[in-house]
There are 2 protein chains.
Amino acid sequence: MKYNQVTIKDIARELGISPSTVSRALKDHPDISPETKKAVNELAEKLNYQPNIVALSLRQSKTNTIGVIIPEIVHFFFSTVISGIEDVAYSAGYNVIITQSNESLQREKTDIKALFNSRVDGMLISLSRETSSFEHIDSILAKGVPMVFFDRVYDTPNASTIIVDDLSGAKEATQHLIDQGCTRIAHLEGPPNLGITKQRLEGYLEALKENNLPVIPELIVSCPLGTIEEGKLAAEKLLAMAQPPDGIFSTNDPAAMGAMQVIKDSGLKIPKDIAVVGFSNWFFSSLMDPPLTSVDQPGFEMGQEAAKLLIRQIEVKSKENIDPTPETKVLKTRLVVRNSSLKKGKK
Amino acid sequence: MKYNQVTIKDIARELGISPSTVSRALKDHPDISPETKKAVNELAEKLNYQPNIVALSLRQSKTNTIGVIIPEIVHFFFSTVISGIEDVAYSAGYNVIITQSNESLQREKTDIKALFNSRVDGMLISLSRETSSFEHIDSILAKGVPMVFFDRVYDTPNASTIIVDDLSGAKEATQHLIDQGCTRIAHLEGPPNLGITKQRLEGYLEALKENNLPVIPELIVSCPLGTIEEGKLAAEKLLAMAQPPDGIFSTNDPAAMGAMQVIKDSGLKIPKDIAVVGFSNWFFSSLMDPPLTSVDQPGFEMGQEAAKLLIRQIEVKSKENIDPTPETKVLKTRLVVRNSSLKKGKK
DNA sequence: ATCGGAATCGCATACGTTTGCGAATATTTG
DNA sequence: CAAATATTCGCAAACGTATGCGATTCCGAT
């Protein structure tokens with residue numbers, strides 16, 4: 001689009017000097033006399049000169065843009081993360097291009113290529129549910145594009161990652177159920193490809209072991225999509241057992257919610273008969289009836305940290321021309337106790 | 001960032017021809033012989049040539065990028081709209097840069113400038129709650145940047161808008177309450193600057209008049225932020241009245257939700273004592289207890305339509321070099337009836 | 001008056017691509 | 001066989017900016 005914006009050449013012509021001088025004057029280069037600088041700056045101000053970012057990007061081989069790939073935007077946790085990313089990116093002078101994989105590996109591949117072709121300075125990625133091979137990522141990584149993975153991470157020594165302590169969070173949640181007197185605790189397990197799924201399962205198992213509770217395989221139900229619907233199905237299955245559970249720890253909030261609905265409809269009471277704990281602390285969790293206990297993930301902070309890390313890597317790479325060593329950052333979770341799990345009342 | 005991507009020059013050098021020939025060969029220009037085209041295309045394929053989008057943007061004064069300004073991402077409706085925008089933008093070959101105003105006029109101003117400086121080809125904007133003056137928009141509009149406003153629109157003859165039929169939606173919602181037997185219907189009113197607030201109020205009033213119900217000013221309570229907290233306060237105020245309402249139509253779902261909590265805590269029953277209807281049909285509305293009746297806004301579709309309209313305008317402007325005439329598109333709402341308003345049971 | 005150096009600035013080139021125009025070669029025509 | 005035309009390609013400039021290097025000017029010192 002041609003907006004007839006004033007350029008450095010216009011200023012040069014008007015002042016009868018060369019574009020190079022104008023360029024230098026604008027960046028306060030010592031070679032330029034104070035008078036020229038003054039004249040240039042005043043005219044630039046008067047004409048409302050704004051540097052052409054596209055030309056700058058071409059010249060410097062740097063777009064000041066970071067690309068983001070997330071599974072889906074319409075997801076409380078991820079939109080919170082984006083908010084955090086925006087927050088630091090904008091104050092650092094970076095634009096943010098957002099793409100969503102829609103949980104599809106195919107789409108993730110085209111997204112990553114599109115971002116690379118757009119010459120973004122770096123990428124922030126959270127893997128799709130389907131992603132179990134990584135050539136598409138490795139090939140871009142090999143070209144030296146800085147990348148930071150968050151939440152659903154690719155475990156490679158070549159890229160930075162930022163995660164929450166899913167294991168501890170899950171363990172704490174399970175321990176909380178045990179403290180409330182639960183002895184038969186079910187687990188709604190998440191998408192099998194994701195590391196977070198394994199971590200949360202692991203935390204659940206560790207808590208059981210530390211309390212000398214038996215691990216009952218039938219009580220671990222897979223919810224590969226983690227939807228409300230799957231939560232309902234899982235709960236129906238659990239309630240049909242000879243000995244139903246007295247507590248449920250779900251890999252995420254929607255599944256927990258689905259389970260809650262089925263439990264309530266069956267006439268059982270939450271938390272008296274079955275206590276429920278979710279994961280992620282979605283916006284609406286506090287609005288449920290009863291309000292859902294959940295493990296809070298600091299999404300905004302995760303976005304901030306991921307963006308900070310990426311930008312630092314970008315700047316290191318461009319200034320010192322050195323590949324920065326990847327870092328891993330683990331954020332703490334926080335168990336938010338609400339009525340869905342309080343059999344005994346608050347301590 | 002220098003990724004040492006192969007350029008048109010590399011291909012030219014390797015083949016002993018000029019860059020211009022390579023360029024033309026790649027775009028199937030008739031001036032180039034079939035043999036040269038074949039050679040070029042094969043080598044390009046082999047070297048995995050990808051055109052440098054930044055150089056292209058500079059050359060063509062077109063970035064194939066559209067900028068989006070929304071009040072906040074962490075908002076079910078807006079994230080849904082974004083999803084719709086992405087959907088059509090990507091298949092049309094456009095990148096999407098997203099910024100959020102955080103409901104601040106100041107931030108909206110800097111966002112719009114930043115997007116302009118990034119030379120986006122067009123903008124999709126939903127106004128902040130604070131926006132009541134429009135110079136910052138007019139000045140950009142005057143430069144000929146295509147703009148489409150959605151949902152919270154700027155009513156000007158110079159830009160296209162895409163909205164939902166808030167008036168009809170509100171009227172239908174209120175009529176529904178009347179049909180359920182409500183005679184004292186309260187309205188939780190939204191942010192005063194927004195057109196949608198006025199439209200929804202208007203629809204509420206029209207429904208009352210058509211049914212010969214009196215307009216009782218005390219029953220119209222302002223919720224300038226539209227938060228859950230404000231909904232609670234409003235409900236407390238309403239319940240303290242000598243004659244509390246028997247129905248509530250809220251300008252949005254969170255306020256409706258806050259009201260529901262207060263009503264339930266006060267011992268009154270929903271919908272028996274007070275029926276409640278919200279607006280926007282947030283994701284969690286169906287999960288409330290009782291599930292909340294709400295006016296569904298087609299967010300995804302709105303995003304799609306807005307992006308389509310904008311892209312069409314961009315292409316018209318660049319090809320025919322003519323300012324396209326602004327259009328307005330109105331999308332239909334849909335009342336989703338749930339138990340929070342069903343005093344009589346489904347018809 | 002001459003020189004040296006500092007101060008100030010412009011030329012040329014680069015980033016990667018597109019495109020009008022002209023040049024060279026090949027082909028057809030009379 | 002010469003001339004006209006068609007085919008195929010390269011040169012150069014352009015988009016807007018940054019920067020190494022050389023050129024010019026000016027000043028004070030000798």
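In what follows, every chain begins at residue 1, and chains take the letters A, B, ... in the order their sequences are listed. Values reported hereafter were calculated over all heavy atoms of this structure, with side chains retained and with hydrogens, waters and symmetry mates removed.
Of the candidates D/dA18, C/dT8, D/dT8, D/dA18 carries the atom nearest the A/Leu56 side chain, counting heavy atoms from C-beta on. Among the nucleotides D/dT8, D/dT17, C/dT8, the one closest to the side chain of A/Arg59 is D/dT17. Among D/dA18, D/dC9, C/dT17, the nucleotide with an atom closest to any side-chain atom of A/Gln60 is D/dA18. Side-chain proximity of B/Asn52 to D/dG16, C/dT17, C/dC9: nearest is C/dT17. In the set C/dT8, D/dT8, D/dG16, D/dG16 carries the atom at the smallest distance from any side-chain atom of A/Leu58.
No donor-acceptor contact under 3.5 Å links the side chain of B/Ser57 to the base of D/dC15.
Atom pair B/Ile32:CD1 and C/dA24:C1' shows a separation of 14 Å (rounding to whole Å applied). One can place CD1 of A/Ile11 at 14 Å from P of C/dG10, the figure rounded to the nearest angstrom. Atom pair A/Arg119:CZ and C/dG16:P shows a separation of 8 Å (rounding to whole Å applied). The distance between atom CD1 of A/Ile8 and atom P of C/dG10, rounded to the nearest whole Å, is 12 Å. The CD-C1' distance, from A/Glu35 to C/dC9, rounds to 13 Å in whole Å. Rounded to whole Å, the distance from CG on A/Asp31 to C1' on D/dG22 is 12 Å. The CD1 atom of A/Ile17 sits 15 Å away from the C1' atom of C/dC11 (whole-angstrom rounding). Atom NZ in A/Lys62 sits roughly 18 Å away from atom P in D/dT17 (whole-Å rounding).
Scanning both residues, A/Ala307 and A/Val88, for their nearest heavy atoms gives CB-CG2, 3.1 Å. The two residues A/Leu331 and A/Met302 make their nearest non-hydrogen contact at CD1-CA, 3.6 Å.
For the pair A/Ser33 and C/dC9, the criterion of a side-chain N or O lying under 4.0 Å from OP1 or OP2 is met. Here A/Thr36 reaches the OP1 or OP2 of C/dC9: one of its side-chain N or O atoms lies under 4.0 Å away. One finds no side-chain N or O of B/Ser23 lying less than 4.0 angstrom from the OP1 or OP2 phosphate oxygen of C/dT19. Checking the phosphate oxygens (OP1, OP2) of D/dC15, a side-chain nitrogen or oxygen of A/Lys9 falls inside 4.0 Å. The side chain of A/Ser20 places no N or O atom within less than 4.0 Å of a non-bridging phosphate oxygen (OP1 or OP2) of D/dA18. Here A/Ser18 reaches the OP1 or OP2 of C/dG10: one of its side-chain N or O atoms lies under 4.0 Å away.
Nearest-nucleotide positions on DNA chain D place A/Pro19 closer to the 5' end than the other of A/Arg24 and A/Pro19. The nearest heavy atom of DNA chain D to B/Lys37 and to A/Leu26 marks one nucleotide each, and the one closer to the 5' end goes with B/Lys37.
Judged by distance alone, with hydrogens and angles left aside, the side-chain atoms of A/Ser79 form a donor-acceptor pair with the main-chain N or O of A/His75 at under 3.5 Å.
Relative to the six-membered ring of B/Phe78, B/Arg152 misses at least one condition, a distance below 6.0 Å or an angle of at most 45° to the axis.
More than 12 heavy atoms of other shown residues, nucleotides or ligands fall within 6.0 angstrom of atom CG in A/Asn117.
No side-chain N or O of A/Ser20 forms a donor-acceptor pair with one of A/Ser23 less than 3.5 Å apart.
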